[in-house]
2 protein chains.
Amino acid sequence: MRAAIAELRRSGHRISAPRRQVLEALYAASAPVSADEIAGGLDGRFSSSDPASVYRTLELLERTGLARHVHLGHGPGRYAPASVGERDYFVCERCEQVRAADPRALEPVREAIARAFGWRVRFNHFPIAGLCPRCAEEADGAGYGS
Amino acid sequence: MRAAIAELRRSGHRISAPRRQVLEALYAASAPVSADEIAGGLDGRFSSSDPASVYRTLELLERTGLARHVHLGHGPGRYAPASVGERDYFVCERCEQVRAADPRALEPVREAIARAFGWRVRFNHFPIAGLCPRCAEEADGAGYGS
DNA sequence: ATACTTGCAAATGATTTGCCAGTGT
DNA sequence: ACACTGGCAAATCATTTGCAAGTAT
């Protein structure tokens, strides 16, 4: 977060209380958070602020490469600081569980796609959707093979 | 479309003019269409109808397995009839181009993911995002290797 | 001092819902 | 006839924008 503030300064932006609050919540969260959650101060852990300002700050952070957002489902977009490093996301269509993976783990997959289709892809903005191991097994087991 | 109507009847639903219109537009479109596009009669090619009814009909079609929707970007959801078969989607983050692929083409990818992560995944609800071949090349070329 | 930021309200875009009149079966 | 549907308006949710007042530098 210190580095983020420095980078904002460096790129000619001002450090205001609302911006600090967004950064604080963003860095404190252990998973990507929505603008509204940030605006609500993460359930009171931080002081709350105006959603519009939160969106403006998040947009600034994305423009300066300090944050990213991901669409984990039909709800609001969720933001994470860039400092956590790029993550690829899996989301279970049945139990809603989210799993984050190191992009290196998916490198072979990306390569296979590049070879077969010529596309250079990522899974950090739209997740990989499907069934998590548990739900996949339950789906199989259902009906004992009937 | 005939089959869809039969299936709706079979599952105890009524066939009304608005429902026909949604089906017509859905089946006439050559790519997934938004509810608003359907409501607008696909630019006048069909009679227009109320967005709320369109959404209700689309929801019904999804419930009965006759249609699916995909999120191809930050815009509205886009719907396709189930009859076209499942498709996996690629979307280019730079030029917005969309490519649909036969899921069989991605079977090796799905298998690799299943082996490595235990997830059984699909790319028909959230697309695979990245750079299309052309944009990937341009991204490489930019700066002549600088 | 002055340009950048905020807060609040209102606008926008996508989608959902309530309700009563209309209609498929 | 009767329950299921549609139309229209209003509500909701996520996000953006306009603008006057506030503040970081």
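Separating the CD1 atom of A/Ile5 from the C1' atom of D/dT25 is a distance of 15 Å, rounded to the nearest angstrom. Atom CG in A/Leu72 sits about 15 Å away from atom C1' in D/dA14, given to the nearest Å. Straight-line distance from the CZ atom of A/Arg10 to the P atom of D/dA24: 22 Å, rounded to whole Å. Distance B/Arg56 CZ to D/dC8 P: 12 Å, rounded to the nearest Å. In this structure, CZ of B/Arg63 is placed 12 Å from P of C/dT16, rounded to the nearest angstrom. The NE2 atom of B/His13 sits 16 Å away from the C1' atom of C/dT23 (whole-angstrom rounding). Distance NE2 (B/His74) to C1' (D/dC13): 16 Å, rounded to an integer number of Å. For the pair A/His71 NE2 and D/dT15 P, the interatomic distance rounds to 8 Å; values are reported in whole Å.
Distance check: A/Leu61 CG to A/Arg56 CZ gives 14.0 Å after rounding to the nearest 0.5 Å. With rounding to the nearest 0.5 Å, the separation of CG in A/Leu106 from CZ in A/Phe123 is 6.5 Å.
Residue contacts shown for B/Gly77 are limited to sugar-phosphate atoms, with no base heavy atom under 4.0 Å away.
Mapping B/Pro18 and A/Ala35 onto DNA chain D by nearest heavy atom places B/Pro18 at the nucleotide closer to the 5' end. Nearer to the 5' terminus of DNA chain C, by closest-nucleotide assignment, is the contact made by B/Ser34 (compared with the other of B/Ile15 and B/Ser34). Residue A/Thr57 is the one, among B/Asp36 and A/Thr57, whose nearest nucleotide of DNA chain C lies closer to the 5' end (criterion: closest heavy atom).
Salt-bridge annotation for A/Arg104 and A/Glu107: absent, with no side-chain N of the basic residue lying under 4.0 Å from a carboxylate O of the acidic one.
Minimum atom distance to the side chain of B/Asp50 is reached by D/dG7, of the listed D/dG7, C/dA14, C/dG7. Of all nucleotides listed (D/dA3, C/dG7, D/dT25), D/dA3 comes nearest to the side chain of B/Arg14. Residue B/Ala52 places its side chain closer to D/dA9 than to any other of D/dA9, D/dT17, D/dG6.
Considering only side-chain N and O atoms, B/Ser16 lies under 4.0 angstrom from the phosphate OP1 or OP2 of D/dG6. One finds no side-chain N or O of B/Tyr55 lying less than 4.0 angstrom from the OP1 or OP2 phosphate oxygen of C/dT16.
Ring geometry, A/His74 versus B/His69: the interplanar angle falls from 30° to 60°, so the pair is classed tilted.
Not a single donor-acceptor pair, N or O on each side, falls under 3.5 Å between the base of C/dG24 and the side chain of B/Arg9. The base of D/dG7 does not come close enough to the side chain of B/Arg19 for any donor and acceptor atom to sit less than 3.5 Å apart.
For the side chain to side chain contact (heavy atoms under 4.5 Å, CB included) test with B/Thr57, the passing option among B/Arg20, B/Glu62, B/Arg19 is B/Arg19; the others fail.
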